[in-house]
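To start, the structure itself, in structure tokens.
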Amino acid sequence: AQKITQTQPGMFVQEKEAVTLDCTYDTSDPSYGLFWYKQPSSGEMIFLIYQGSYDQQNATEGRYSLNFQKARKSANLVISASQLGDSAMYFCAMREGYSGGGADGLTFGKGTHLIIQP
Amino acid sequence: DAGVIQSPRHEVTEMGQEVTLRCKPISGHDYLFWYRQTMMRGLELLIYFNNNVPIDDSGMPEDRFSAKMPNASFSTLKIQPSEPRDSAVYFCASSLRGMLGNTEAFFGQGTRLTVV
């Protein structure tokens, strides 16, 4: 079974609109971290935002926020006021078992290709 | 710190040749990961190290692939012999050990491997 599921292969959004990129995850580990990365056409992987499984509040980083719904195992990325430079692939990832001990590698979803239109 | 440094950035080789990809993690990071990215399979974790010790190599596709981390500042991923289906972008990433905190992995620029 897939650990990270991103159901939107591609999205077109008008500039300045808000965007929600979906991510659901599957784990039985109580300790895990959820991450979003951006990969522009140049190919590098850019870390955007992180949410820990024990965090009480949703994470925010500038225009990025993470809508964390633990019971539903959902960690959607919200980009407010989208910009042309936001056009890229976006990957949701999970890292299990890191709190207080060893950590596993990041498991990535298949990604969502976001295109911002002027 | 210069970030995670990978070399070469691009590699074109003939089928059957040995290929060695190199990685220098961020100083002080004790986890190192090797990933492969293809259109078909996305980002796959091949192997990761903790304190220079391989922890999980279950993602290594077959015996043609091997990885080493002789010290905290250097790792290699070797493919011998290479095949056209090994063509992909190979990423190295490093991170700190997690302790109820943000332990994001920092990625190198990747090595684009083409096997002809």
Side-chain angles (χ1 to χ4, degrees), chain A residues 2-7 9-10 23 29-57 59-61 64 66 68 88-113, chain B residues 2-6 9-10 23 25-26 29-51 53-60 67 69 75 88-113:
Chain A
Q2 281 193 11
K3 287 194 171 184
I4 297 287
T5 302
Q6 295 181 253
T7 57
C23 173
D29 196 315
S31 299
Y32 54 90
L34 297 158
F35 304 79
W36 278 91
Y37 283 82
K38 173 184 178 182
Q39 187 177 41
S41 57
S42 52
E44 70 264 37
M45 295 289 289
I46 302 167
F47 165 73
L48 296 178
I49 195 167
Y50 155 87
Q51 180 85 42
S53 59
Y54 296 114
D55 293 344
Q56 296 296 314
Q57 293 189 334
T60 60
E61 287 287 347
Y64 304 108
L66 203 152
F68 182 45
M89 285 290 292
Y90 288 81
F91 293 95
C92 180
M94 177 172 64
R95 192 168 184 186
E96 297 169 282
Y98 68 90
S99 296
D104 294 338
L106 280 169
T107 302
F108 284 84
K110 296 293 186 187
T112 295
H113 189 189
Chain B
V4 177
I5 300 173
Q6 290 186 247
R9 291 292 308 278
H10 302 273
C23 175
I26 293 173
H29 282 190
D30 50 4
Y31 280 86
L32 184 138
F33 309 90
W34 282 101
Y35 285 89
R36 178 172 70 175
Q37 186 178 32
T38 61
M39 288 292 294
M40 290 296 295
R41 302 175 69 90
L43 273 157
E44 303 172 277
L45 177 63
L46 301 178
I47 185 171
Y48 75 94
F49 296 82
N50 179 215
N51 291 323
V53 177
I55 303 300
D56 185 355
D57 65 355
S58 59
M60 296 285 260
M69 192 167 186
S75 177
V89 179
Y90 290 81
F91 285 102
C92 175
S94 70
S95 77
L96 288 167
R97 179 187 179 97
M99 291 293 291
L100 286 173
N102 187 350
T103 57
E104 79 269 25
F106 294 84
F107 281 74
Q109 297 280 10
T111 294
R112 182 174 294 277
L113 174 66

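Chain letters run A, B, ... following the sequence lines, proteins first and then strands; every chain starts at 1. Excluded from the calculations below are hydrogen atoms, water molecules and symmetry mates; all remaining heavy atoms, backbone and side chain alike, are included. Treat the numbers as computed from the prediction; the structure is a model and nothing was measured.
Taken from CD1 in A/Ile46 to CD in B/Glu104, the straight-line distance is 13.0 Å, to the nearest 0.5 Å. Taking OG of B/Ser95 as the reference point, atom CZ of A/Phe35 lies at 8.0 Å (rounded to 0.5 Å). The distance from the OH atom of B/Tyr35 to the CZ atom of A/Phe108 is 5.0 Å, given to the nearest 0.5 Å. Taking CD of A/Glu44 as the reference point, atom CZ of B/Phe106 lies at 14.5 Å (rounded to 0.5 Å).
Here the side chain of A/Lys110 pairs a donor or acceptor atom with the backbone of B/Arg41 at under 3.5 angstrom.
Summarising the geometry of A/Arg95 relative to B/Leu96, their closest heavy-atom pair is NH1-O, 4.0 Å, with the distance given to 0.1 Å.
Heavy-atom distances place the side chain of A/Gln39, and not its backbone, under 4.5 Å from chain B. Heavy atoms of B/Met39 lying under 4.5 Å from chain A are absent altogether. Of the two parts of B/Gln37, only the side chain, counted from C-beta on, holds a non-hydrogen atom closer than 4.5 Å to a non-hydrogen atom of chain A. In this structure, the portion of B/Leu45 lying under 4.5 Å from any heavy atom of chain A is its side chain and not its backbone.
At a threshold of 4.5 Å between non-hydrogen side-chain atoms, the residues A/Phe91 and B/Leu43 count as touching.
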